[in-house]
Amino acid sequence: MSQRFCNRKFANIFAITFLCATIALIVHYPSYASKFITTPPILLGKYVSVTTNTGLLGPTDSAKHPIEILVEEANAKFQTLKGQSTTFNEAVSEYRRRYNREPPLGFDHWYDAAIQSNATLIDNFDTIMDALEPFWGLSAQELRARVQDLRELRESKLVSMSIRDQSFTFSNTQHVSANKYQAIIDWVQPYLQFLPDMELLFSSLDEARVVVPRDELDNKMRECPGRLSSNNSSSIAQRVPIYFEDLMFQRIWMTTTLSCPVGSHARSGIIPPEDDGVHFVRNVTLAKDSCEHPSAMELHGMYGTKGTARLLETLHPIFSRSKMSTYQDLLFPASDYAPNDHYKSFDASQDTPWEDKSNILYWAGRTTGAHAKKDSGWRKWQRHRFVKEMNEGDRSVPLLRQTGGHGSRWEAYEDQMDSLSHLIDVSFTDTIHCDPEECEAMRKELHFNEEKQPAEAAYNNRFVMDIDGNAFTERFYRLLMSKSTVFKMTMFQEWHDDRLIPWVHYVPISLKMTELPETIRFLAETEKGQEIAKNIAEQGSEWALKVLRNEDMGLAVFRTLLEYGRLYGEERDRTGECPWNRKID
């Protein structure tokens, strides 16, 4: 249709060009995807020093260090985040404004539970909602059928939970440790009386599982299926068998980026220019968008040779604990963060005041990320690269300085990593997920400290790193709750993304990590940097203890199940409810 329209003869050639370009943009960048891949530039002084495709900020004409600018911006955003609804009517109004629909049945009970739990955040659940959005393109009947499709798969590494008549059961046919899901049981139990009947499936793997090709995703996002007629309300069409594509120990970049917009860097083959000098993360959503960062193909182990890569290319509802931007899994709080016997929770008695901590960036961990095989490219994966570069004294690193003295602009210069070695304590503790020859190569090439490192060892340092392994890391919450400043390098989305503001609660680090040496230099060795770092540590700890409590994860589960229950239930088949076709005043 758009081609026929553009072939018409208009007198004004400029109008034709503009109109066709606009139509093409709409076709290739639907509204669902656009908010994740575009951002307006910020104007700082005379120059724009942030790119729309990366969301990174470099030096500007300002006499302020880029980190100072980012911290000021972030604190202004944080003030907005703290402005939450204080009454039920306000919560309903804000829900309508954000999502263009009425809240689900049971929202009043959720609000009451949130108030009774002294929840700090009432309105911010956009990450969870965004993941659910494509499923409005399926009828409730079809959604239920797709759940059954998944249940019938063998060796799927899925665990199902069924809620019927205010009670629930787990079906664990995949031999997954039941302890892994005890937290979910504990989260759901208090709210069963308010939940509709439903069945849902959880992935037991670290990785997400669903990648839907862009054309199918766009089709699902264009319109709702509407109300089912009496002719099709009692049965569904013959099911087409589904299967998980087995990509074990294969590179999965091409498959996992099928969901990217056609015009994105990942799909177009156009490699974005390298950022010169030192650039810091300004827009975390963009920085984590694999569609706009084709370098992730080599720089992140998620796209390497993984022994558990089994992917589904149809829109089926699977709940995962985290996911890359290109996946369509639904999000659920990770049970790893809940109090359990396997992972250590934060213990304030083991923490120390900021002033008593070592002025060092600390990290210790294992060689997770993917399975290292010969020619798998493991030397470029995030953890291996991080440990090597932080301990490579003769490596040239870009830093910033004010060449004209105090009050002048910041400019890049080259130095060696050795000049920062007194600020670094970074090492591997053990090898894992590697062929014997590659494990041996790692031990020869990378820095190892095989002395057992207790989890609380991190609390002795002012700066602590949290970096992706196979997926998210369970240590994030306890690090954030400590009085240390958390540096976080992640490409994963999690349920809590709306709750945390980078540069207020933690220091975001890009996948390439080229800015990491200057980040630690500025925050550890300058008076202004120390002030900023201490504030981030204090604000991160105080906020995490308010919004990442076990009660908050339970409330997030409650709200997620209300939303999912509305999509799943038979009532939607009868009413044809569709938020995309209505306007809420």
Indicate yes or no: does [X] engage [Y] in a salt bridge with an N to O separation below 4.0 Å.
X    : Y    : value
K483 : D356 : no
R321 : D336 : yes
D497 : K288 : yes
R379 : E445 : yes
R310 : E207 : no
K534 : E355 : yes
K388 : E392 : yes

On the ring face of [Y], is [X] found with NZ or CZ under 6.0 Å from the centre and within 45° of the axis?
X    : Y    : answer
K488 : F476 : yes
R443 : F448 : yes
K82  : F78  : yes
K373 : F249 : yes
R499 : F125 : yes

Crowding at CD, Q79 (>12 non-hydrogen neighbours, <6.0 Å):
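Atom CD in Q79 is crowded, with more than 12 foreign heavy atoms closer than 6.0 Å.
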Should we say atom CZ of R395 is surrounded by more than 12 heavy atoms from elsewhere, each under 6.0 Å from it?
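Counting neighbours around CZ of R395, more than 12 heavy atoms of other residues, nucleotides or ligands fall under 6.0 Å, so yes.
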Per the ring-ring contact (aromatic ring centres under 6.0 Å, His included) rule, which among F202, Y337, W495 passes with F332?
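Of the listed residues F202, Y337, W495, the ring-ring contact (aromatic ring centres under 6.0 Å, His included) partner of F332 is F202.
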Checking D329 against F319 for the side-chain contact (heavy atoms from CB on, under 4.5 Å) test, could you report, in this order, the C-alpha distance in whole Å, the side-chain angles of both residues, the deciding distance, and whether it holds?
CA-CA 6 Å; D329 296 56; F319 283 90; over 6 Å; no
Nearest heavy-atom pair of F386 and M513: which atoms, and what distance?
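Heavy atoms only, the tightest pair is CB-CE, 3.9 Å.
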